[in-house]
Structures are given as structure tokens and as C-alpha cells.
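Notes to accompany the following structure.
Numbering starts at 1 and runs along the sequence shown. Everything numeric in this text was worked out from a predicted model, so none of it was measured. Side chains are part of it too, since the values below use all heavy atoms of this structure and drop only hydrogens, waters and symmetry mates.
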Amino acid sequence: MDAIKHYLQFKDFSREEYAYLFERTRWIKDRFKRYETHHPLFDRTLVMIFEKASTRTRLSFEAGMHQLGGSAIYLNTRDSQLGRGEPVEDAGQVISRMSDVVMIRTFDQDVIERFAQNSRVPVINGLTNEYHPCQIMADIYTFIEHRGDIRGKTVAWIGDSNNMCNTWLQAAELLDFNVHVSTPPGYEVEPERAGLYGTANFEQFADPMDACKGADLVTTDVWTSMGFEAENEARTAAFADWCVDADMMKVASPDAVFMHCLPAHRGEEVTAEVIDGPQSVVWDEAENRLHVQKALLEYLVVGGVDG
């Protein structure tokens, strides 16, 4: 029996698999825009387990599974035995016997790793404190749609070295592009936490303007991620000079795009002028969560498809 393939970190797939998934995403999105039925997951079930709140993750996975012909079941840890002390290992055994694929959005990466070790079906990381691979898949696909191949390009990450930053660094190593990171002092990237293979595709900058120079993509996230709310006041003060504004976009490449995984706080991590401006592709980026995840679900459940 073949080993079950999970998607827990960006580096879980090869460059060739991403090439397939991005092309498959294009095909699936084209059919969606033309209202053509595509039901490869008829009678299959996705279980979605949420410990962290969500808008885009739940909507994109639930809608996507229905559009692929299957069904999606929402479980919140507050309303299930997972929130009352049931071991993650036991939950993995039980839930995977009643479904075809599982998506988990939780705090600790260790939780999703332990679940996957006890699952009979593929497990997808819908977000953890450490990684957000589905979002970076959508971001890279969005860049490809607007600007072509990302290989050799430069991404400027401005702000917190969080799960998004960690995943961008993994993607850069695998897909051969560069990431410029600028964070306030004390919030720098921890290479071990990011799960980096090396540092050839990564450079850290003290000044966010320097990180943005010549960048093909400028991106950021909220200053205080879920689970770090107690640090909000200190972070607001520390990150004051790391707001992506028009001056940063001006030093980037003339055709640079701006991305944000949303939700956004205008006037904090990004100005309204930038996120609502002509270089922003955040709405395409948000929609593409739906399409890349449909390609991912199809791939994990039924494998590669020709045509």
C-alpha cells in the first residue's frame, strides 16, 4: 500500500508537484469561470477541524469541496471531544475512518503532525502557528497569473516573521526565488522554526525600504497573529516603521504587485493607498485560495489527472 500523502508544510511537495498543481489550478479555475461542472470528488467527504477562527479558510475549503462534487463537515474543537481532552492520536484514528480527507486549522504544528501520523487519509494544514502552506500556494499562483514564472524573482516580506514568512522561505528554497525579510529588532526570522534547508534564497534587512528595493512582489500580514493578542500593544509600537506604504512600493520593481493574506488593518501593516491601489492583487489572491485548494484536494484524494 502506498504511503498516504499529507500536506503539512510547503516542502512536503516537490517542484514537479507544484508545477502540476499550478497548471491544474489554471484548468480548474477556467472551468469554474465558465460554470462547467467538475465533480472528481463525488461522494467523498472532507472533515474540517477548526481550533482557530477563520473566514477565508472555511469558505474556500467548504465551497471548494462542494464544487468538486463532495461534501464538507465542519468541526470546531469547542463543540467536539477534541476540545474536552480527547487525545489527538485517537481523533486521527476515528475521524479518518469516516472521511476521505481532513483539513486542520490549529495553533501548534505538533498537533497536526500527530493527527497525520494516526490518519488513514490525507491531512491538510489549513494554518498553524508555524506554517500556512495553502495561502502561499495561492499567493504564488496569483503571482504566476499576473507576472509569470516566479523563479528568480524577489519577494519582499515586511513585518512579523510569522507562519506566512516561514512558509515563503520554504517556498523560495524549493522553487528558486529570493525572499527579502525586514522585521523590527527582536522579531527576526528563526531559521530552525522556518524549517529552512539553507539560506541561499533568503536575506534579512534592518530597513524595510532596503528589503523592498527591486522587489517583484511586496507582501505583509497583520502585526499580531492569532494567539499573540497579549503582545498587541508592544507589537504596535515595535512595528510602527514597518507599514507598507507608497514609498516602499516606489522603490520596488515598477511592475511589482502587493499581496496580503487578509484580514488587513489599513493604517497599520499597510496603508489604504497601497492595498486599495493599482498594484494590489489581494482580491485575486483571496479568490485563488479556492482554486488552488480544489487542485490540492483533487490531487490528494484521487491523484494526478491528465487533461
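- In this structure, R31 contributes its side chain and T37 its backbone to no donor-acceptor pair below 3.5 Å.
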*Checking ring-ring contact (aromatic ring centres under 6.0 Å, His included) for the pair Y7/Y299: CA distance, chi angles, key distance, verdict?*
CA-CA 11 Å; Y7 191 54; Y299 180 62; 9.5 Å; no
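- In this structure, S280 contributes its side chain and D276 its backbone to no donor-acceptor pair below 3.5 Å.
- Note: H38 and W27 have perpendicular aromatic rings, judged against thresholds of 30 and 60 degrees for the angle between ring planes.
- Contact annotation: the side chain of M249 never approaches that of E273 to less than 4.5 Å [non-hydrogen atoms, C-beta and beyond].
- S119 places no side-chain N or O within donor-acceptor distance of the main-chain N or O of F115, the cut-off being under 3.5 Å.
- Contact check for H260 versus V244: no side-chain heavy atoms found under the 4.5 Å cut-off.
- Here the side chains of R266 and I275 are in contact, with some heavy-atom distance below 4.5 Å.
- Taking CD1 from I140 and CZ from F10, the interatomic distance works out to 4.0 Å, rounded to the nearest 0.5 Å.
- Relative to the ring axis of Y74, R58 places its NZ or CZ within 45° and under 6.0 Å from the centre.
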*Step by step, would you call T128 with Q109 a side-chain hydrogen bond (donor to acceptor under 3.5 Å, both in side chains)?*
CA-CA 6 Å; T128 62; Q109 183 73 14; 2.7 Å; yes
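- In this structure a side-chain-to-backbone donor-acceptor pair under 3.5 Å is present from H6 to V123.
- A side-chain donor-acceptor contact under 3.5 Å links Q170 to the backbone of K11.
- How far CE of M48 is from OG of S99: 12.0 Å, rounded to the nearest 0.5 Å.
- Counted within 6.0 Å of CD on E188, heavy atoms from surrounding residues, nucleotides or ligands total more than 12; the atom is thus considered enclosed.
- Between V301 and L46, the closest side-chain pair of non-hydrogen atoms is not below 4.5 Å.
- Other residues, nucleotides and ligands place no more than 12 heavy atoms under 6.0 Å from the NZ atom of K250.
- The structure places CG of D30 at 12.0 Å from OG1 of T25, a figure rounded to the nearest 0.5 Å.
- Nearest heavy atoms, V179 versus A172: CG2-CB, 3.6 Å.
- Counting heavy atoms of neighbouring residues, nucleotides and ligands inside a 6.0 Å radius, atom CD of E233 does not exceed 12 of them.
- For the pair T45/M98, no side-chain contact is recorded, criterion being any heavy-atom separation below 4.5 Å from C-beta on.
- Distance alone, capped at 3.5 Å, is enough to place a donor-acceptor pair between the R15 side chain and the L174 backbone.
- With R147 contributing its side chain and D255 its backbone, the two residues share a donor-acceptor pair below 3.5 Å.
- The one candidate from T219, V281, T220 that meets the side-chain contact (heavy atoms from CB on, under 4.5 Å) condition with F258 is T220.
- There is no side-chain donor-acceptor pair under 3.5 Å between N163 and Q135.
- The minimum heavy-atom distance linking D12 with E17 is given by the pair O-OE1, 4.2 Å.
- The salt bridge (charged side-chain N to carboxylate O under 4.0 Å, His left out) analysis of residues 205-216, with sequence neighbours excluded, yields the pairs D210-K213.
- A distance of 6.0 Å or more separates the ring centres of H291 and Y141.
- Side-chain atoms of F239 and E268, non-hydrogen and from C-beta on, never get closer than 4.5 Å to each other.
- Using a 30° and 60° split on the angle between ring planes, W168 and F177 fall in the perpendicular class, above 60°.
- Under the salt bridge (charged side-chain N to carboxylate O under 4.0 Å, His left out) criterion, the residue pairs touching residues 283-292 are K33-E287, with sequence neighbours excluded.
- With a 4.5 Å cut-off on side-chain heavy atoms, I49 and T106 do not count as touching.
- Using a distance-only test at 3.5 Å, with no hydrogens or angles considered, a donor-acceptor pair links the side chain of S182 to the main chain of F205.
- Scanning both residues, R24 and V305, for their nearest heavy atoms gives NH2-CG1, 3.4 Å.
- For the pair V101/R44, no side-chain contact is recorded, criterion being any heavy-atom separation below 4.5 Å from C-beta on.
- Between L8 and N125, the shortest heavy-atom distance links the atoms O-ND2, 2.9 Å.
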